[in-house]
Number of protein chains: 2
Amino acid sequence: MARPKREDINDVNRRNDLVIAAALLFKEKGYHGTSMRDIARAINMQAGSPFYHFATKQDLLFAGVEAGLLACLADLEAIDPKALPPLEYFRAMARAHLRCLLETQGGMVPMVVDEWRYLEGPNLEAVLAIRHRFEALWQSALARLKDAGLVRRSDAMACRFFLSALHGAVRWYKPDGPMSPDEIADELVDWIRTR
Amino acid sequence: MARPKREDINDVNRRNDLVIAAALLFKEKGYHGTSMRDIARAINMQAGSPFYHFATKQDLLFAGVEAGLLACLADLEAIDPKALPPLEYFRAMARAHLRCLLETQGGMVPMVVDEWRYLEGPNLEAVLAIRHRFEALWQSALARLKDAGLVRRSDAMACRFFLSALHGAVRWYKPDGPMSPDEIADELVDWIRTR
DNA sequence: CCTACCGATCGGTAGG
DNA sequence: CCTACCGATCGGTAGG
């Protein structure tokens, strides 16, 4: 493969600036509460310039949601289930998941939790497909916990309960607060296990 | 107090129609994704007419959020803590909470969960004050559960975990699905207790 | 990427 | 409540 030329690198960098700035603004003010002009201004672009990188506002949302989900999924898949006993594996998953949510790129990932629902058509379907992979991974982690007798049930609903509780931290976590993402994850895991 | 005249009754009814129509649309498309024209059209009003009842779009959002929260809070406060043992009281609370969220006025209350964050100034403060009353109520219910040895911890974070898991049902509950709100609440309570 | 612009839509208002 | 309207802003485009 050819090495990218300097202009290409700059294009890619600016494109990435857009994705991050958009994600942060979407998180703060919502997708429909944020204008393309807001996003452009945040990285010192002119009003029409984002459309050089993304054909539509929706494409920009999709790029952020997909990147956030895939980065988080990769972190989770990097944890080897066979290398750890059930509880430790589950805890490592929870820690990685929450760290990714709360610490990536100045906290851009929480946007994914609330704003993916404004995606349409193929964009929405692509995101739902990635979400399925998440849930399958978590289901198997939870099933191991149940087999070890550490949790009462491990069906799809229990999985949703757990992920909702974990994702809820997005709404009250403060970076300068007393607890780190790892500590919050540990507390939740401790709270839901039966022994 | 004087009995309201017929015109007043109609005014109140139309005002209420607006609140409900707005809540349903906000839930579906988000606050900023819904226009006052959308809301007016939904109840066969003309574009400018909602402003006869509400000075601003924000006031209409506030009316819906406040009404939803207060109705739910009233349901919870109607349950007498002293009349039931800890687990049964907690379960009754969870059932009432979820029924209110999922069944009120064709499912308008979930809007509260996502859209209250677009409130500003005094409107936001008023809603946060009501939320504090919710959390205090749930904290005491959870504390009783802990005193009875049915749950590991009952601090503010455990309370948030629980409410996040409960509220999460808003995103996957289907009225025509296999489980009722009561059954979902029971499953969650069963899942989080340690014995 | 910037400049200059388009048609559409928005929240809100005046006057009845 | 309806009619008719306002200024502002929106997503997006053409041309360089």
Side-chain angles (χ1 to χ4, degrees), chain A residues 4-23 25-26 28-65 111 115 117-124, chain B residues 4-23 25-26 28-65 111 115 117-124:
Chain A
K5 300 179 206 145
R6 182 166 299 142
E7 310 95 72
D8 296 338
I9 294 176
N10 284 342
D11 266 21
V12 167
N13 284 345
R14 283 312 260 170
R15 191 188 143 97
N16 207 254
D17 291 345
L18 272 173
V19 172
I20 293 174
L25 285 165
F26 291 160
E28 194 184 317
K29 310 199 296 171
Y31 175 65
H32 286 115
T34 303
S35 71
M36 290 298 271
R37 283 162 172 83
D38 291 336
I39 298 164
R41 196 181 315 120
I43 58 170
N44 292 314
M45 266 186 186
Q46 297 303 313
S49 301
F51 295 99
Y52 167 74
H53 298 277
F54 293 92
T56 66
K57 187 183 178 185
Q58 166 104 192
D59 289 341
L60 182 48
L61 172 63
F62 176 70
V65 171
M111 180 268 299
E115 309 301 327
R117 70 196 191 98
Y118 297 117
L119 292 169
E120 294 163 5
N123 286 339
L124 180 58
Chain B
K5 300 181 207 143
R6 182 167 298 141
E7 310 94 73
D8 295 338
I9 294 176
N10 283 342
D11 266 24
V12 167
N13 284 345
R14 283 312 259 171
R15 192 189 143 97
N16 207 254
D17 290 345
L18 272 173
V19 172
I20 293 174
L25 285 165
F26 291 159
E28 193 184 318
K29 311 199 297 173
Y31 175 65
H32 286 114
T34 303
S35 70
M36 289 299 268
R37 282 162 174 84
D38 292 334
I39 298 164
R41 196 182 315 120
I43 57 169
N44 292 312
M45 266 185 185
Q46 297 303 313
S49 302
F51 295 99
Y52 167 75
H53 297 277
F54 293 93
T56 67
K57 186 184 179 185
Q58 165 105 189
D59 289 341
L60 183 48
L61 172 63
F62 175 69
V65 171
M111 178 267 299
E115 309 301 329
R117 70 196 192 98
Y118 297 117
L119 292 170
E120 296 165 4
N123 286 339
L124 180 58

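Chain identifiers are assigned alphabetically (A, B, ...) following the order of the sequence lines, protein sequences preceding nucleic acid strands; residue numbering begins at 1 within each chain. From a predicted model like this one, the values you see are computed outputs, not experimental measurements.
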Its dot-bracket string being built from Watson-Crick and G-U pairs below 3.5 Å, with | for another strand and [ ] for crossing, DNA chain D has the pattern ||||||||||||||||
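- Using a distance-only test at 3.5 Å, with no hydrogens or angles considered, a donor-acceptor pair links the side chain of A:Tyr31 to the main chain of A:Gln58.
- Counting only distance, with no hydrogens or angles, the side chain of A:Lys29 and the backbone of A:Ser35 share no donor-acceptor pair below 3.5 Å.
- Scanning for side chain to side chain donor-acceptor pair (under 3.5 Å) contacts around B:Asn16 gives an empty result, with sequence neighbours left out.
- Residues passing the side-chain contact (heavy atoms from CB on, under 4.5 Å) test with A:Asp17 are A:Arg14, A:Ile43, sequence neighbours excluded.
- A distance of 6.5 Å separates CD1 in A:Ile39 from NZ in A:Lys57, rounded to the nearest 0.5 Å.
- By the salt bridge (Lys or Arg N to Asp or Glu O under 4.0 Å) test, A:Arg37 is found to be paired with no residue, residues two or more places apart in sequence or in another chain being considered.
- Taking only side-chain nitrogens and oxygens, B:Gln46 never comes nearer than 4.0 Å to OP1 or OP2 of D:dC1.
- In this structure, A:His32 places its NE2 atom 19 Å from P of D:dT9, rounding to the nearest Å.
- As rounded to whole Å, 12 Å separates atom P of D:dT9 from atom NZ of A:Lys29.
- For the contact set between residues 35-44 of chain B and DNA chain C, defined by any heavy atom under 4.0 Å, the members are B:Ser35, B:Met36, B:Arg37.
- Non-hydrogen atoms lying under 4.0 Å from DNA chain D are contributed by B:Ser49, B:Tyr52, B:His53, all within residues 48-63 of chain B.
- Take B:Gln46 and apply the side-chain contact (heavy atoms from CB on, under 4.5 Å) test, not counting sequence neighbours, and it matches B:Ser49.
- Between A:Leu124 and A:Tyr118, every side-chain heavy-atom pair lies at or beyond the 4.5 Å cut-off.
- Among residues two or more places apart in sequence or in another chain, the side-chain contact (heavy atoms from CB on, under 4.5 Å) test is passed with B:Arg117 by A:Glu115.
- Applying the side-chain contact (heavy atoms from CB on, under 4.5 Å) rule to B:Phe54 yields the partners B:Arg15, B:Leu18, B:Val19, B:Asp59, B:Leu60, B:Ala63; only residues at least two apart in sequence or on another chain are considered.
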